[in-house]
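So the structure is just underneath, and the comments pick up after that.
Quick note on labels: first sequence line is chain A, next is B, and so on, each numbered from 1.
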Amino acid sequence: MILERFNKTFESKARLGIMSVLMVNESVNFNTLKDLLQLTDGNLATHLKSLEDAGYISVTKEFIGRKPNTLYTATADGKKAFVDHLNVLEQLIKGS
Amino acid sequence: MNEHLDNLREIRSLMERSSKFLSLSGLSGVFAGIVALLGAARVYLKKVELTSSYNVTGIFSAKNMAEPGEFKTFLIQTAIITFLAALFFGIYFTVRKASKNGDKLWNPLSKKLVISLTIPLLAGAVFAIVLIQQLNYSLAASSTLVFYGLALLGASHFTVRDVYFLGLFEVILGILSIVFVGYSLLFWALGFGVLHIVYGLLMYLKYDK
């Protein structure tokens, strides 16, 4: 059953969106993600945390002057999981 | 099932929006082109006034000029006015499009775009100024085309693909203008004027409508 291969981490639209952005950008900061995905701070932070826990993204904190800047990058595992997920989506659509 | 299709569409759109600056307006190109044609016409009319010859070739050959110094000041003035007017329209229509789409104008992406444009353009500006100082006007015109084309090629990574081909054509015209001696101003008007208008219209119909 194909649905069993459906990755639970990507069930949420927000997490799917975060991964989409990180697939085509080397690293992206928190505010840029917020603008692109139109999420609240808390909401975005929660989704980022769960992706980080799954090992799909890595987090780097740096400072620009005195302002903290948090950068997010997709890990190799994360990229692979996302591509696999896209393939499942494609099969689901073709199969219908 | 529609949910999956929607998801794929959303993924695609996010990938594009996050990696490409899409607020460049076609109208920027159209107006920059009109400004360039006006600038070229101003230079042509000045040449006619100084040499009382209507010949379109050899406009930049200083030896034909009764007053080489006067022509030089005039050229630098026209170049600065033309550049500032084109820049003004470029920024104005981009700001307008960004606010219409609700996009942020200043983000990491537009920063990359501006930096990749500015460095070759500055190099080109210095190059052209030195050539003008040496009274080599026709090579100055050609070099602005080549440097501008290379700037666009570099910047095209961060915006719509059409900019890549515009850059390619500008470089080709710049090189042709060195080969066809005497026709620099015509090639310049073709590259900065006609090409900008054509590309601006194409992009306007494709993305802004």
Is the number of heavy atoms from other residues, nucleotides or ligands under 6.0 Å of A:E26 CD greater than 12?
no
Counting only heavy atoms not in B:F127, do more than 12 fall under 6.0 Å of its CZ?
no
Does B:Y164, at its OH atom, have more than 12 non-hydrogen atoms belonging to other residues, nucleotides or ligands within less than 6.0 Å?
no
To the nearest 0.5 Å, what is the distance between NZ on A:K13 and CG on B:L14?
9.5 Å
How long is the gap from CG on A:L86 to CZ on B:R12, to the nearest 0.5 Å?
12.5 Å
Distance (rounded to the nearest 0.5 Å) between A:L37 CG and B:S18 OG
9.0 Å
Could you state the interatomic distance from CG (B:N7) to CG (A:L89), rounded to the nearest 0.5 Å?
6.5 Å
Nearest 0.5 Å, please: how far is CG in B:L5 from CD1 in A:I93?
4.0 Å
Nearest heavy-atom contact between B:M15 and A:V24 is O-CG2, 3.5 Å
d(B:I11 CD1, A:F82 CZ) to nearest 0.5 Å is 4.0 Å
Given A:L22, A:N25, A:T32, the one with more heavy-atom pairs under 4.5 angstrom with chain B than any other is A:N25
For B:K72, I'd like to know if atom NZ has over 12 heavy atoms of other residues, nucleotides or ligands within 6.0 Å.
yes
Can you check side-chain contact (heavy atoms from CB on, under 4.5 Å) on B:N107 and A:D35, steps first, answer last?
CA-CA 10 Å; B:N107 54 31; A:D35 287 337; over 6 Å; no
Heavy atoms of other groups near B:F147 CZ, more than 12 under 6.0 Å
yes
